[in-house]
Each structure stands twice: as structure tokens, then as C-alpha cells.
Amino acid sequence: MPWFVIDDNSHMHPKFVAAKNAALGLWVRAGGYSAQHLTDGIVPGVIAKMYGTPAQVRRLVEVGLWHEHGHTCPHPKCPSPQPGDYAIHDYLDYNPTRAQVQERRDREADKKRRYRARAEQLPLDEPADAPPPPRPRRDEQQPIPAGWQPTEQDVEAAQLARADAGQPQLTPQQLANLTRRFVRRMADDQQRAAAWGGRWQQWAERERAEQPAPGGNVVQLGVMTKSQQQRAGLDRLRDRMNGGHSA
């Protein structure tokens with residue numbers, strides 16, 4: 001069962017509707033924790049208590065978005081967590097495993113080591129970098145098709161990059177919304193390219209995952225940078241000086 005059922009209207013899966021807003025916020029935050037710490041979808045009990053309330057945890061278990069120790073879910077990628085911990089249903093269907101992330105990091109580290117070793121062995125008058133590949137001719141570049149979609153490889157590469165950067169994974173709903181914005185922007189800017197996967201991956205790597213806050217608002221998931229915290233503090237100060245209303 002995918003996290004979201006995506007169609008032309010981007011309808012939510014019934015499990016999300018049944019979970020309701022507060023519990024869904026816990027689900028998103030815990031998913032971000034799992035992606036950042038590479039737990040393969042396991043949510044430690046202490047994290048569940050830190051991020052949500054007992055009622056929200058029970059709700060996620062009741063609707064089937066989380067599993068407890070000894071659960072009977074038949075899905076092969078839903079492991080049984082330790083007593084007191086929880087497993088996110090279908091997590092590994094949409095996120096790379098810890099082993100995959102580590103393998104990618106090892107490959108990149110080995111590639112950097114080989115590059116440095118090669119550069120050190122080159123004569124001083126020989127450039128270390130190979131000449132860049134020729135850019136596609138103008139007649140090979142095309143506007144982005146209206147129904148363009150990223151490949152599975154594009155999605156996997158973006159999710160792995162987000163995991164390496166400690167960013168939460170994007171759900172199918174967020175990926176669908178991101179792709180629509182990407183296609184619209186490329187079309188509005190009259191951009192042309194021979195391939196669009198690389199540009200889309202850059203957008204996906206920079207995408208800020210969002211979570212619903214109690215009351216129906218949407219708040220940004222993730223830690224703000226120092227400059228973002230300073231700007232937020234200045235905004236709050238202006239609000240107080242203006243009697244609680246933005247200028």
C-alpha cells in the first residue's frame with residue numbers, strides 16, 4: 001500500500017484521512033527522523049514520545065501507518081520493531097535503506113580518493129580535469145513536455161542525496177507537487193534541454209518537506225539556519241511593534 005494514492009486530483013490515501021491532522025504531523029516528523037538517522041523506518045519509542053502524544057501514536061497504529069512489535073502486516077518490507085518501538089508501514093518502498101545510503105557514500109568517497117591520487121600523479125603542465133563533454137546543440141534541446149515525469153532513477157538519486165544531507169524523504173504526494181511546479185516553471189521560463197532529469201533532481205534535493213500542524217496549518221519540517229532564525233526573530237519583533245499585525 002503506497003503512502004499516497006496519486007491521481008490527476010492528487011487525492012490522499014484513506015489511511016491519512018483516518019489518521020487526522022495531528023497524528024499525521026507525528027508521522028511526517030518521525031519519517032524525517034528515520035531518513036536522517038538511517039533507521040530503515042524504525043521509530044524508537046523515546047522519539048515517538050518526544051514528537052507526539054500517546055493518543056497520536058495509538059492513532060497511527062490503529063489506521064495501519066505504524067506497526068508495533070509482533071504486528072501481523074504481511075508486507076515483506078515491514079519488519080517487526082523491538083518492544084516499545086514502532087515501524088513505519090511501507091517505509092522501504094519509498095526510501096533507500098541504510099545499506100544503500102552507505103554504499104553510495106562509500107562509492108563517492110572512493111571516487112574522490114581515486115581522483116586525488118590521479119591528480120597527484122599528473123605532470124604539472126597536464127590539467128587534472130578532463131575537458132567537459134560537448135554541450136547539446138540547440139536543435140537537440142527541446143521545451144519540457146507538459147506531462148513530463150522523473151524516472152525511478154531520478155527519484156532514487158534525489159532521495160539518496162537528501163538522505164546524505166540529513167533531509168527528510170519526500171513522499172509521493174510531495175514529489176508529484178514538486179514535479180508539477182518544476183514543469184510549470186520550465187515552461188513559463190521557456191527553458192530548453194536535451195534531458196530534464198538532472199535539473200529536476202536539483203529541485204528535489206532543495207525541496208523543503210512540509211508537515212501539517214494542529215489546526216490545519218502547514219509548517220516547515222527541518223532545522224532553520226542561523227540566518228533564518230534571525231529573520232524569524234526580526235519578523236516577530238516587527239509584529240509586536242505593530243500591535244501583532246504584519247506591516
Side-chain angles (χ1 to χ4, degrees), residues 1-7 9-98 101 155 159 162-163 165-178 204 207-225 228-229 232 236:
M1 189 281 299
W3 290 1
F4 283 90
V5 172
I6 303 297
D7 58 20
N9 297 318
S10 298
H11 291 153
M12 265 191 174
H13 191 277
K15 284 188 177 182
F16 287 142
V17 177
K20 298 187 178 178
N21 207 32
L24 188 57
L26 170 59
W27 178 82
V28 173
R29 294 191 68 193
Y33 172 90
S34 183
Q36 181 175 0
H37 296 278
L38 303 179
T39 69
D40 288 346
I42 299 298
V43 181
V46 64
I47 296 300
K49 293 178 181 178
M50 182 185 305
Y51 286 176
T53 66
Q56 293 166 359
V57 171
R58 287 195 303 271
R59 191 66 178 174
L60 291 177
V61 173
E62 289 172 357
V63 301
L65 289 175
W66 277 13
H67 299 312
E68 295 180 297
H69 173 74
H71 69 84
T72 58
C73 177
H75 196 288
K77 292 186 178 181
C78 285
S80 180
Q82 294 296 319
D85 295 344
Y86 303 90
I88 302 174
H89 178 67
D90 279 5
Y91 178 86
L92 292 179
D93 277 353
Y94 302 97
N95 297 273
T97 65
R98 181 186 185 92
V101 173
V155 174
Q159 298 282 43
R162 291 179 66 84
Q167 292 293 325
Q169 300 292 277
L170 298 175
T171 66
Q173 176 74 58
Q174 292 164 336
L175 289 170
N177 292 339
L178 163 71
E207 181 77 355
R208 293 293 301 276
E210 298 177 345
Q211 71 176 75
N217 296 324
V218 174
V219 299
Q220 294 292 334
L221 175 63
V223 179
M224 289 194 299
T225 64
Q228 289 172 330
Q229 294 172 352
R236 290 194 295 269

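When a residue number appears, it is its place in the shown sequence, counting from 1. Please read these numbers as outputs of a predicted model, since none were measured by experiment.
- Here the closest heavy-atom approach between residue Tyr86 and residue Gly45 is recorded as CE1-CA, 4.4 Å.
- When all heavy atoms of Gln56 and Ala22 are compared, the pair lying nearest together is NE2-CB, 3.5 Å.
- When all heavy atoms of Lys15 and Gly64 are compared, the closest pair comes out as NZ-O, 3.4 Å.
- In this structure, Arg29 contributes its side chain and Gly52 its backbone to no donor-acceptor pair below 3.5 Å.
- Exactly one of His75, His69, His67 qualifies for a ring pair (Phe, Tyr, Trp, His ring centres under 6.0 Å) with His71. That residue is His67.
- The heavy-atom pair separating Ala204 from Arg162 by the smallest distance is O-NH1, 2.9 Å.
- Considering all non-hydrogen atoms of both residues, Ala35 and Pro168 come closest at CB-CA, 4.1 Å.
- Under the 3.5 Å distance criterion, the side-chain polar atoms of Arg98 are left unmatched by any main-chain donor or acceptor of Asp40.
- The main-chain N or O of Val28 is never found under 3.5 Å from a side-chain atom of Tyr51 such that the two would form a donor-acceptor pair.
- Across all non-hydrogen atoms, the minimal contact from Thr39 to Ser34 is OG1-OG, 2.6 Å.
- With rounding to the nearest 0.5 Å, the separation of CG in Leu60 from CG in Leu65 is 6.0 Å.
- Side-chain atoms of Trp27 and Ile88, non-hydrogen and from C-beta on, do get closer than 4.5 Å to each other.
- The side-chain heavy atoms of Ile42 and Gln82, taken from C-beta on, include no pair separated by under 4.5 Å.
- Distance alone, capped at 3.5 Å, is enough to place a donor-acceptor pair between the Gln174 side chain and the Thr171 backbone.
- A donor-acceptor pair under 3.5 Å is absent between the side-chain atoms of Gln159 and the main chain of Asn95, judged by distance alone.
- Residues His89 and Trp66 have side chains not in contact (no heavy-atom distance under 4.5 Å, counting atoms from C-beta outward).
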